[in-house]
Structure formats: structure tokens, C-alpha cells
Amino acid sequence: MIILLFALLALSFLAEAFNFKYKNWCTALMLILLIAAEAIKNHSGIDYTNGYNHYYAAMQGNTQSTYEYLYRLLVNFFSSLKLPYHGFLLIYFSVVYLLYYFALSKFTEYRNTALIFLYCITIGLMGSNRQILALAIGIFASAYFLPRQKINFALCILVAIFIHQSAFFLLPFILWNKRVGIRIYCYFLVFAVFMQIFHLSKPLLNFLMLNFAPNITTQKAIIYDAMPSSEFSAVGFSLGVVRRLIPLILMLVFEKELRSNLKFDFVFNVLFLSLFTYILMYQDLEYIASRIGVYYLVFEAVLYSWFVPIIVRHQKKYLWIALYLFFCGFLIYKNTHYFPELFFPFRTLYFTF
């Protein structure tokens, strides 16, 4: 099913790249299919069992859990209506994909391209209901309220935090709407490397979380602190840095062509934040990096959609289109290969595919 959805998304991307007149209908069809896939999944994706058990526990009167307040409120409301879990998922992911659609429409006119990258970047979150909604709220708020309506943006992120607390790491977006000198960016990177070399990132974050964070965050910090740091992999680290550095280099090289996009500086800063946090948190804070990295990486979907008009004018446009699809396929592999049994085969209420 995941491969089939990827193939259909690839076709919608091709329809957009070659200016097929029904490309907008392709977008609508893909949104419907993506919502349907989320609604009918059955023990596929991460945390599916936890979400399922939590929902039916609430239906039986156990409304207490360690989940964030607003997500618990949603679950308690729909379970009180005796709506089956998959009916809840249908409504829930309809909201998620509507937020995605309106956000992408604000960021780019090449929605099909952005959608395929968004799908491939976030596929590893399938089943993590809370973070997916928090992510969708974050993208929507970034599209509609920055840079001018900072209070509205902060209120949206506050809502997202009460759905999944990791959305806290979206708040720096408020301050990252203007380009600064290259020297400042370099200072940030030097600081990140210094913190990584001397293993200072984890003690600093634990100090902040244990002394200033809410109780629910403090409890999780204690659990995470007990986890051993992963073994440093020079190859893995280098590939991660290169993956995050390439979009920034492309933005600098093609700045003249891309500058017409009003969110250019914002997207550049967010992608730089992705590189900065990756270097800062690699190894010692892998559990945090994996949770918050996606909030920044999704803006690669916006950036790569901006390159579509450049690609279609290029002499080797077929090669670039093929590279886009290869990269998307690689992202699906990368984001599912740790727990492939949770994604392949894709299990639903009606069939396994």
C-alpha cells in the first residue's frame, strides 16, 4: 500500500512537472487516498497499538493517561460518542491533511511536488497520531501567521504543544524570519560542533528540562536520561550533515531564481536550524533529534517544490525528475528501514498489501 501510494504520488508529481491540465484533481485524489489509508490502517505504523488501546480504554471510562491534555480531550470526546477508532482516525486525519493542503497552498503553487516529499519525509511517523497533528498545525501556522502575526503563531504552537509537547521546538520560528550574515550562521555551527565534541548537549538539556519543564516533560527526561548514548558513526553523521547541507547550498546557488518566493528567508533559516540541531544533538540526544528533526525537515518539501519551474526549463529535465523520484524513494526506505515490519506489508481492516 505504501509503495502504491508512492507510485500514485509520483504520477501526480509528473502531472505537475509536465503541466497536465488535471493536476489539481490529482492533488484532491491523493489527499483522499492518503486520508483513507490512515483511516483503515490496522496495526501498521509506529505506536498504532498504543493509540488504539488508549482510545478504547477511554471508551470504557478510563479517561486518564500520560498523553498531552488536548489529545486526551479529543480522544475522550469521540470515544464518548462510541465512534469506532477508525472513524476517529478518518476525522482526525481529514483535519491533518486539510491543514497540510492549506499550508502547502500558501507556500507553493506546486502542491503535488510538495506533497510527495512531505509524504516521504513523514512516513516514519505513521501511527504517531499526536505528533502528526502537532506537525500539521506547525506547518499551517508557519504559512499563515509568520512573519507578522507572531502572537497568532505562538497560540497555534501552544495548541500543538498540548497535543504533542515536542512542538515546543517550533517556537524558534518566531525569531527566524530574517536572513543574517553568513558569519552568524558559522558561529552557530561552531557552537554546535563544540557542544557535540565535549558532550555538553545532553547535560545542558537535562538541566533545563529537570529544572524548568512541566512535570510530564520532567518524567520523560528522566527516562530518556537513562538511555545510553548511541555509538558515534562518522559515516552516518557525515551523510546526515550532507543531506541537510545540500538544500542550503542549493538555495544560495539559485537564490536569484528563488527569491520571488516570499517565504525564502524563513525556509532558509528553518533548514539551517535543521542542520544546527542535527549537529548539536547527534549521538548524545538522538531521542530528541529524531522527535524534533521532522519539524524542520518537512520544509525541504516546500523548497524542492520551488525548483519545479527551474527543472522543467532545464536541458536535462528528465534526469532531474528521475533524481527527484529516486530521492523520494530513498527517503521512504530511510524512514522505514529501522522497523520495516511496521510498514511492510501494510495491514488494514480489509486487506494486507
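- The heavy-atom pair separating I121 from A301 by the smallest distance is CD1-N, 4.1 Å.
- T113 and S305 are not linked by any side-chain donor-acceptor pair at a separation below 3.5 angstrom, with hydrogens and angles left out of the test.
- Considering all non-hydrogen atoms of both residues, T336 and I332 come closest at OG1-O, 2.7 Å.
- By the 6.0 Å contact criterion, OH on Y56 is enclosed, its count of non-hydrogen atoms from other residues, nucleotides or ligands being greater than 12.
- Ring orientation note: the planes of H337 and Y333 are close to parallel, at an angle under 30° on the 30°/60° scale.
- Nearest heavy atom pair, residue G127 against residue I132, reads N-CD1, 4.3 Å.
- When all heavy atoms are compared, the tightest approach of G138 to L170 is CA-CD1, 3.7 Å.
- Judged by distance alone, the side chain of R72 and the main-chain N or O of Y67 form a donor-acceptor pair under 3.5 Å.
- Within the 3.5 Å criterion, the main-chain N or O of F107 finds a donor-acceptor partner in the side chain of W306.
- Between the side chains of Y185 and N269, at least one donor-acceptor pair of N or O atoms lies under 3.5 Å.
- Side chains of H54 and N129 form no contact here, defined as non-hydrogen atoms less than 4.5 Å apart.
- Within the 6.0 Å centre-distance limit, the rings of F173 and F299 are counted as a close aromatic pair.
- Residues L5 and L33 meet the side-chain proximity criterion, which asks for heavy atoms closer than 4.5 Å.
- Cation-pi contact between R179 and F268: present, with separation from the ring centre below 6.0 Å and deviation from the ring axis of at most 45°.
- Looking only at distances, a side-chain donor or acceptor of H86 sits under 3.5 Å from a matching main-chain atom of K41.
- Here the side chain of S79 pairs a donor or acceptor atom with the backbone of N76 at under 3.5 angstrom.
- Here the CG atom belonging to L104 is positioned 6.5 Å from the CD1 atom belonging to I139, to the nearest 0.5 angstrom.
- Counting only distance, with no hydrogens or angles, the side chain of E68 and the backbone of Q165 share a donor-acceptor pair below 3.5 Å.
- Put simply, the side chain of L83 does not reach to within 4.5 Å of the side chain of M59, judged on heavy atoms.
- Between atom CG of residue L9 and atom CG of residue L118 there is a gap of 9.5 Å, rounded to the nearest 0.5 Å.
- Taking hydrophobic clusters as Ile, Leu, Val, Met, Phe, Trp and Tyr residues chained together by side-chain heavy-atom distances below 4.5 Å, L275 does not share a cluster with V235.
- Around CZ of F191, the count of heavy atoms belonging to other residues, nucleotides or ligands within 6.0 Å does not exceed 12.
- Remark: the Y296 side chain and the T277 side chain contain no N/O donor-acceptor pair separated by less than 3.5 Å.
- Remark: F168 pairs with I161, L171 by the side-chain contact (heavy atoms from CB on, under 4.5 Å) rule, at least two apart or across chains.
- Two residues are said to be in side-chain contact when any heavy atoms from C-beta on lie closer than 4.5 Å; L135 and Y100 meet this criterion.
- The aromatic rings of F13 and Y324 lie parallel to each other, with less than 30° between the two planes, well short of the 60° mark.
- Between the side chain of Y282 and the backbone N or O of Q196 there is no donor-acceptor pair closer than 3.5 Å.
- The minimum heavy-atom distance between K23 and N19, with the atom names listed, is NZ-OD1, 3.1 Å.
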task = Please assess R347 against E341 for the test salt bridge (charged side-chain N to carboxylate O under 4.0 Å, His left out), listing each intermediate value before the final yes or no.
result = CA-CA 10 Å; R347 294 174 291 277; E341 68 278 4; over 6 Å; no
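- Note: Y278 and F237 have parallel aromatic rings, judged against thresholds of 30 and 60 degrees for the angle between ring planes.
- Judged purely by atom type and a 3.5 angstrom limit, Y55 uses its side chain to pair as donor or acceptor with the backbone of F78.
- Of the possible donor and acceptor atoms, one in the side chain of E16 sits under 3.5 Å from a partner among the backbone N and O of N112.
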V267 vs M251, side chain to side chain contact (heavy atoms under 4.5 Å, CB included): CA-CA, chis, key distance, verdict = CA-CA 9 Å; V267 171; M251 292 189 79; 4.2 Å; yes
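- With contacts defined as side-chain heavy-atom distances shorter than 4.5 Å, the pair L133/L99 qualifies.
- The closest side-chain heavy-atom distance from Q131 to Y295 is below 4.5 Å.
- The aromatic rings of F307 and F254 sit perpendicular to each other, their planes meeting at more than 60°, with 30° as the lower class boundary.
- Between L90 and I35, the shortest heavy-atom contact is CD1-CG2, 3.8 Å.
- Within 6.0 Å of atom CZ in F264, more than 12 heavy atoms from other residues, nucleotides or ligands are found, so the atom counts as buried in its surroundings.
- The backbone N or O of L258 lies less than 3.5 Å from a partner atom in the side chain of N261, making a donor-acceptor pair.
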Stepwise side chain to side chain contact (heavy atoms under 4.5 Å, CB included) check, L319 with H314 = CA-CA 10 Å; L319 173 62; H314 198 277; over 6 Å; no
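- Under a 3.5 Å cut-off, the side chain of Y350 and the backbone N or O of I40 do not form any donor-acceptor pair.
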query = What's the verdict on side chain to side chain contact (heavy atoms under 4.5 Å, CB included) for L331 and Y119, showing C-alpha distance, side-chain angles and the deciding distance?
reply = CA-CA 9 Å; L331 289 175; Y119 177 74; over 6 Å; no
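- Proximity of Y144 to Q149: side-chain heavy atoms (C-beta onward) are nowhere separated by under 4.5 Å.
- Between the side chains of T348 and N42, not a single donor N or O lies within less than 3.5 Å of an accepting N or O.
- Residue L349 places its CG atom among more than 12 non-hydrogen atoms of other residues, nucleotides or ligands, all under 6.0 Å distant.
- Here the side chains of F343 and N335 are not in contact, with every heavy-atom distance at 4.5 Å or above.
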Working for side chain to side chain contact (heavy atoms under 4.5 Å, CB included), residues M30 and L115 = CA-CA 9 Å; M30 289 314 309; L115 191 59; 4.1 Å; yes
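- The OG1 atom of T352 sits 14.0 Å away from the CZ atom of F344 when rounded to the nearest 0.5 Å.
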query = Can you list the steps and then say if Y97 with Y101 is a ring-ring contact (aromatic ring centres under 6.0 Å, His included)?
reply = CA-CA 6 Å; Y97 277 99; Y101 173 77; over 10 Å; no
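- Ring to ring, Y22 and F20 are close: their centroids are under 6.0 angstrom apart.
- Ring orientation note: the planes of F327 and F117 are tilted relative to one another, at an angle of 30° to 60°.
- With a 6.0 Å radius and a threshold of 12 heavy atoms from other residues, nucleotides or ligands, L262 has its CG atom at or below the threshold.
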